[in-house]
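First the structure, in the form of structure tokens, and then the observations on it.
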Amino acid sequence: MGRRRPPPRRRPLPRPAAGLLIAALTGLAAAALLPATAAWAAPPVAGSQDGSLIMVLDSSGSMAGPDGSGHTRIESARTAVGSVVDGLPDGYPTGLRVYGAGKAHGCDDTSLAQPVTALDRAAMKQAVDAVQPKGDTPTALALTRAAADLPARGRRTVLLISDGESNCGAPKPCEVAASLAGDGLDLRIDTVGFQVKGAARDELECIAKAGHGAYYDAPDAAALARQLVRASQLSADAYRMAGDPVTGGASPAKAAAIGPGQYTDTIGPGETRWYAATLDAASTADLSATAVPQPGVPVDYGDGIELKLAGTGAYGYTCDSDSTHFGQDEGAMTLTGAVNRVPTRDGKDGCDRAGRYLFSVHRTTAVTSDRSRWPVELRFDNETPLPAGTVAAAARTDYGTAPAPLTGAPKDLAGGTGFNDATAVAKGVWRDRLLPGQTRYYKVHVGWGQQLTYAAEFANEPLLGGASSSTSTFVTTTAYAPGRLRVESASDARVNRSYSGTPVSVGLGTVPVTWTNRWVTDRDAAPVHSAGDYWIAVGLGPDAARLAKNTAVGVILRVDVTGTELAGPQYQAPALAADGKAQGGAQGQADADGRADADGRADVQGDGKGGSGMAAKETASGGGLRGMDLVAAGTGGAVALAGIGAVALAHRPRSRTTRGGA
């Protein structure tokens, strides 16, 4: 697998004072909050509701030999399996199959030592303790039986642990793995090579590749336990899909009809799925797609998903487009993209009309990448317009001065597997652990007028003996607004960085949440237009398995929500009281002349400099609105939509491209 290029910078750094103070934050983590031994342990998350795991243990005669630690290989394997079952979530369906333990010779020698049932830790340990290595290595037969041991449905994992090559002839284990895994949608086969090299390692790597899984190398007993725990927990912590099944059409004419709600589908390499959504003429529509490939399987830099929302009819305007790619070749991780339709003020744009629209999801895949199908989670949200007569507060595209880094002892938690089970966090300092190739999700409430600033700090990590300062992976983060709209950083923070075990921080800061942000051209402000749950995704590159000595890598998450939460999106909205009611009653339902447009938007201009009444300026790049052009809140003026003109709010199809794995 090739080396990963340095992660791209998503934004220049023009405002050194308006950042997350990365150096200070990293220093705090390195000094006290993440001890190098990572002795603490976050509570495990609940396993995937439809997942299951079976370990297949090589118990051939070679496993009776010494492993260099003062123990035999089978003794170290027993210890490692014990570590696996201790770390799995309660009740996670788990079983154990062995081969080569029944007799001295025979290519039919495999048995189910523990059925795949709700995790019984004591029974699993008793089963592996009873294994006595004796015979041959019928790997292909053991894989075939193991796949049949698993439930018929759900995301299933076969985890093969072996110290040698199959000696039972045809069929070849690699061919069997390819046949069993099929399109890789439900079944994956991971392999762990215990002190293997040459042909034995080649065979195990081939099995993993054909089985749409990952190969883990274990040169010693400690590595065996570490890699087994990593592989098993990635299986148990797989993204929790939710939604009604739907099958996207193969062409626009066959688009599957969807309404507001959540859906699940699948997508293959090079495939495009089409969906039809009926939109009204007034609501903002958000449509997102989350692709969930098998974690860690081979990918290329340009692999990912490309989204488009377009009208139908004679012209078929493209209303919005988005693309998100891995941007690295270490291995697959979860990807999310989103498009939206924001009606313009005058309602004359081609994408303003009520009617049928086409939402397409296209998958790009290199010829060298894993070819398994990806589960896809789709979401369609409608944001209703403001009530008639409501004057929306002015747009806010200013980040302002960065808040001081939060301090204090961190609280342990475990992030969710995705949007559906994201762990709720509030303002504070939190501590979690990430496996190589894993993405953790958190959600935080951000109200009207508030802004989110956070940093995820990866501190000192003990390196493996064979690792050096040149061995590196990456850390990454992404924030999502309601509608799963991806938020770009309005601060000088970085969202992707290389990581080699020394302290590093990623994060971002948003502008204040303001209804009118949906009409600005600033890409870091436009998605920040709705109050509610915002998501934080933090990811660790798969190649961390090549450098990290600990099973999981510790991370400190500092989450800060600043600004007074307002009672609503209207101009001069009062503060929201603790009981959720406005303090002092509603205000600002009409403009300075007591008038509001029929669509509820203001008809008075403000320049953000004390209410001088100057019209909001058009930028030199096509008449869009940027920066402080619409900042009028708190200065005596309402937002100047009436004076902006048709050019500024005309239809502007947007195209966004993001690289990253979170």
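Just so you know, residue 1 is the first one in the sequence shown, and it goes up from there.
When each of Arg363, Arg373, Arg371 is tested with Glu271 by the rule salt bridge (charged side-chain N to carboxylate O under 4.0 Å, His left out), just one qualifies, namely Arg373.
Each salt bridge (Lys or Arg N to Asp or Glu O under 4.0 Å) pair with one or both residues in residues 61-83, not counting sequence neighbours, appears once here: Arg73-Asp163. The stretch residues 50-82 participates, sequence neighbours left out, in no disulfide (SG to SG under 2.5 Å) pair at all. Applying the side-chain hydrogen bond (donor to acceptor under 3.5 Å, both in side chains) definition to pairs two or more places apart or across chains, those involving residues 202-214 are Arg201-Glu205, His212-Asp370. Screening residues 101-116 for salt bridge (Lys or Arg N to Asp or Glu O under 4.0 Å), with sequence neighbours left out, gives Lys103-Asp108. Judged as a salt bridge (Lys or Arg N to Asp or Glu O under 4.0 Å), the pairs with a partner in residues 125-137 (not counting sequence neighbours) are, in order, Asp86-Lys125. Applying the salt bridge (Lys or Arg N to Asp or Glu O under 4.0 Å) test to every pair with at least one member in residues 178-187, sequence neighbours left out, gives no pairs at all.
Using a 3.5 Å distance cut-off with no hydrogens or angles, the side chains of Thr110 and Arg97 do pair a donor with an acceptor. Ser59 and Gln132 form no side-chain donor-acceptor contact under 3.5 Å, judged by distance and modelled atom types alone.
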side-chain hydrogen bond (donor to acceptor under 3.5 Å, both in side chains) evaluation trace for Asp300 with Ser369: CA-CA 6 Å; Asp300 190 68; Ser369 301; 5.6 Å; no
Step-by-step ring pair (Phe, Tyr, Trp, His ring centres under 6.0 Å) determination, Tyr499 to Phe458: CA-CA 8 Å; Tyr499 180 60; Phe458 295 78; 5.8 Å; yes
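The side-chain hydrogen bond (donor to acceptor under 3.5 Å, both in side chains) search around Gln227 returns Arg230, not counting sequence neighbours. Ala178 is linked by a side chain to side chain contact (heavy atoms under 4.5 Å, CB included) to Ala210, counting only residues two or more places apart in sequence or in another chain. Applying the ring-ring contact (aromatic ring centres under 6.0 Å, His included) test to Phe419 and every residue at least two apart in sequence or in another chain returns Tyr441, Tyr480, Trp535. Here Thr264 pairs with Met241, Pro245 under the side chain to side chain contact (heavy atoms under 4.5 Å, CB included) rule; sequence neighbours left out. For Ser111, the side chain to side chain contact (heavy atoms under 4.5 Å, CB included) partners at least two apart in sequence or on another chain are Val98.
In this structure the side chain of Val158 reaches within 4.5 angstrom of the side chain of Leu143, judged on heavy atoms. Side chains of Leu335 and Thr290 form no contact here, defined as non-hydrogen atoms less than 4.5 Å apart.
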Using atom types as modelled, flag every donor-acceptor pair under 3.5 Å from a side chain in residues 114-123 to any protein atom, sequence neighbours excluded.
| from | atom 1 | to | atom 2 | distance (Å) |
| --- | --- | --- | --- | --- |
| Asp120 | OD1 | Ala122 | N | 3.4 |
| Asp120 | OD1 | Ala123 | N | 3.1 |
| Arg121 | NE | Val85 | O | 2.7 |
| Arg121 | NH1 | Asp90 | OD1 | 2.9 |
| Arg121 | NH2 | Leu88 | O | 2.6 |
| Arg121 | NH2 | Asp90 | OD1 | 3.0 |

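In terms of heavy-atom proximity, Ala289 sits nearest to Val376 at CB-CG1, 4.2 Å.
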